[in-house]
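A short worksheet on the structure shown next.
In this chain, residues are counted from 1 in sequence order.
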Amino acid sequence: MATAVHQVTPEEASANPQPEAVVVRFAGDSGDGMQLTGGQFTLSTALAGNDLATFPDFPAEIRAPQGTLFGVSAFQINFGSAAIETAGDAPDVLVAMNPAALKTNVGDLKPGGLIIADEGEFNKRNLDKAKYAENPLEDGSLAKWQLLKLNISQLTLEAVKPFGLGNKEALRCKNMWTLGLALWMFDRDRAPLVDWLRTKFAKAPELAEANIAALNAGHAYGETAELGAQGVGQLHVPAAPVEPGLYRTVTGADSISLGLVAGAQLAGLPLFYGGYPITPASAILHHLARLKEFGVTTFQAEDEIAAVASALGASYAGSLGVTCSSGPGIALKTEAIGLAIMTELPLVIVNAQRGGPSTGLPTKTEQSDLYQAVYGRNGDSPVPVIATRSAADCFDCAIEAVRIATQYMTPVMLLTDGYLQNAAEPWKVPDMSDYKPFPVEFHTELPAEGEKFLPYARDEKLKRPWVKPGTPGLLHRIGGIEKALGTGNIDYSPDTHQAMTDIRKAKVEGIDVPDQAIEQGEAGGKLVVVGWGSTYGPITQAVRRARRKGLDVSHVHIRHIWPMPKNLGPLLKSYERILVPEMNTGQLKTVLRDQFLVDAKPLNKVSGQPFRIHEIEAAIEEALRGD
């Protein structure tokens, strides 16, 4: 849903001082609808004009045993009246729908934070499943936090009783009761949620009305139960002072999908997407399947190899071929990616990284496929690699991937990750007239009389011509075996292989990428924090806090991983120390050391969770002490 946003004046912002940001986490069983609850709270927050960032966190099991610790699903949102770059470190409010949700999440809650617990679920059976010897709501173990105990289950049953639902169906409405209470707590409008419920359950109006009744009951409870006596009041977080325009909330998957379509339009090509379902990449296939009116064809293949081969075949035929997967699927696609390199056809490969190795942690985030993207193919087979930094940034990165693929006739790897795929943030809908088109020109000119068409002739970019099959007079050979210069005829003599390897390498290294910018600080100084991908948010906040303390630290965030910007080496060498936070064991750090011979130091995290601001802030202070 898009909404117009107006500029908040300083007078409006100062008239009613409130907390700058609030972090709320909804947690419950994977059947409690926490992702749905969080998503709808996000919608109401966006409509209220707050800046926001979210972090959905859910188990890999489709349906883990109810009430167990490994079946907990959580959704965190950080929203406020100032710029928000991360989903927040420690929650201010934790909504725990059962004992397992409380146990797995309460350790993250700020001291003095608020726990809202459904005491109706804290029975002996559920306490045993969560490995509690005593009821934490009664034994004083939660004394350092505020505790609001509500029998949400019973209150929900009473609210939906008039609709004649069975007990199981009625209890499915308790996430709406909880959402109603949260909307009251943060002064949110219920009307958009009511409209959404009526649309969602249009074919089952009794379910729509039951859920609306639960939503209204939760809101009414907050209004009438005098919760102020228990330390719980209503809090209004003012709108953020954002640039005027039309905004919508996007996830990384939404943004990449829209960017791929926009890139194809700028190139003047139809888009073909060949994919195979895999977490967390599948959402891109789902989104693109709804965009057929923009010349998009989607194909769910029988496996990863067929998916990439179909996309490469579409590129051979004159479309923009796109495929997407996560690390295990990218491994399966590797040979066909090598074929795209050898045939020099445009192909966009999106890698939505997740925890590994093998099938690893399917629903958790990681940045451990950088080596795979830069080096992970047989032979000397370079491809351009681009990394997205935020959900909104995925749009521009997708367009950039399409530009490079079509203008240089090469496959391109676009790196995102599980956090960015699922996380949401406000996105100002761009004016597409601001984007410069890069239309593709298919080769149709016949060779001069007596000459042969050279499918591997080169222009100034070392790009070969793109010819649609069946173009009269331009019959040519194409394939994965090494080929002669110019003609493309099979030739694997030593001199030919050396020359073609050098050309393919030089073509990628010569790609025009922008100079590396400095996000905060200036060139030269004691310390630079270098990041890539989804570490952008926590690095930005950590460096901002450190600079407010007067520390000499700058921030550089790399979008073009390969080839790297030409000014990056001299820029890095202008700093005394280099710190590289990554959600892996030090992959970008190794690439920087290899390319520029700089003493980059790693800050690594491979827990399946994104960096917290305070972790990077502490590492900055340690690095500046020289420890």
Side-chain angles (χ1 to χ4, degrees), residues 18-19 22-29 31-48 50 52 54 73-79 91-99 101-102 105-106 109-110 113-122 137 142 145-161 170-197 208-237:
Q18 297 287 348
V22 177
V23 181
V24 179
R25 183 181 296 178
F26 300 92
D29 191 76
D32 285 337
M34 293 297 95
Q35 303 305 318
L36 182 67
T37 303
Q40 293 307 305
F41 187 79
T42 299
L43 171 63
S44 70
T45 301
L47 291 172
N50 295 127
L52 62 93
T54 70
S73 177
F75 186 102
Q76 183 163 306
I77 177 171
N78 182 13
F79 60 97
D92 300 287
V93 179
L94 170 64
V95 178
M97 303 299 284
N98 63 13
L102 179 67
N105 289 279
V106 72
L109 190 63
K110 286 180 182 176
L114 173 64
I115 299 169
I116 300 174
D118 181 5
E119 62 180 345
E121 292 294 316
F122 281 70
L137 305 184
L142 305 177
W145 298 290
Q146 300 177 72
L147 176 60
L148 178 61
K149 299 181 292 183
L150 303 172
N151 195 331
I152 295 174
S153 298
Q154 186 59 42
L155 290 166
T156 302
L157 290 174
E158 292 174 2
V160 303
K161 190 174 182 180
L171 285 175
R172 285 177 179 165
C173 299
K174 68 180 182 179
N175 64 328
M176 287 296 110
W177 194 100
T178 307
L179 180 57
L181 179 63
L183 293 178
W184 170 81
M185 285 179 61
F186 296 103
D187 193 22
R188 296 281 183 261
D189 185 9
R190 282 168 287 161
L193 281 302
V194 171
D195 293 341
W196 175 81
L197 285 166
E209 295 308 316
N211 277 280
I212 291 168
L215 181 79
N216 290 335
H219 194 279
Y221 189 91
E223 289 179 317
T224 60
E226 298 183 0
L227 297 178
Q230 302 180 57
V232 180
Q234 195 173 40
L235 179 66
H236 176 76
V237 179

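Separation of atoms CD (Glu121) and CG (Asn151) is listed at 8.5 Å; rounding is to 0.5 Å. The CD atom of Gln35 sits 9.0 Å away from atom OG1 of Thr54, with the distance rounded to the nearest 0.5 Å. Between the CG atom of Leu148 and the CD atom of Glu119 there is a distance of 9.0 Å, given to the nearest 0.5 Å. To the nearest 0.5 angstrom, Thr224 atom OG1 is 11.0 Å from His219 atom NE2. With rounding to the nearest 0.5 angstrom, the CG atom of Leu137 is 4.5 Å from the CZ atom of Phe122. Going from atom SG of Cys173 over to atom CG of Leu179 covers 12.5 Å, rounded to the nearest 0.5 Å.
Phe79 is linked by a ring-ring contact (aromatic ring centres under 6.0 Å, His included) to Phe41, Phe186, counting only residues two or more places apart in sequence or in another chain. Shown here are the side chain to side chain contact (heavy atoms under 4.5 Å, CB included) partners of Lys110, two or more places apart in sequence or in another chain: Ala90, Asp92.
In this structure the side chain of Leu102 reaches within 4.5 angstrom of the side chain of Leu94, judged on heavy atoms. In this structure, the side chains of Leu181 and Val95 stay at 4.5 Å or more apart for every pair of heavy atoms. In this structure, the side chains of Asp29 and Met97 stay at 4.5 Å or more apart for every pair of heavy atoms. Looking at Leu157 and Leu171, their side chains come closer than 4.5 Å, going by heavy atoms from C-beta outward. Side-chain atoms of Phe75 and Thr42, non-hydrogen and from C-beta on, do get closer than 4.5 Å to each other. Two residues are said to be in side-chain contact when any heavy atoms from C-beta on lie closer than 4.5 Å; Met185 and Ile116 meet this criterion. Taking 4.5 Å as the limit, every side-chain heavy atom of Asp32 sits out of range of all side-chain heavy atoms of Thr178. Between Leu193 and Arg188 the shortest side-chain heavy-atom distance does not fall below 4.5 Å.
Between Gly28 and Met34, the shortest heavy-atom distance links the atoms N-CG, 3.4 Å. In plain terms, the two heavy atoms of Pro91 and Leu109 that are nearest each other are O-CD1, 3.1 Å. The heavy-atom pair separating Ala217 from Ala159 by the smallest distance is CB-CB, 3.6 Å. In plain terms, the two heavy atoms of Val160 and Ala210 that are nearest each other are CG1-O, 3.3 Å. Taking all atoms of both residues into account, the shortest heavy-atom contact from Gly113 to Trp145 is O-CB, 3.3 Å. Closest non-hydrogen pair, Gly33 versus Asn175, comes out as O-ND2, 3.5 Å.
Using modelled atom types, no side-chain atom of Gln146 and backbone atom of Ile115 make a donor-acceptor pair closer than 3.5 Å. Panel note: side chain Asp118, backbone Ile152; a donor-acceptor pair is recorded below 3.5 Å.
With hydrogens and angles left out, the side-chain atoms of Asn50 and Thr45 include no donor and acceptor closer than 3.5 Å.
Under the 6.0 Å cut-off for aromatic ring centres, Tyr221 and Trp184 do not qualify, their centroids lying 6.0 Å or more apart.
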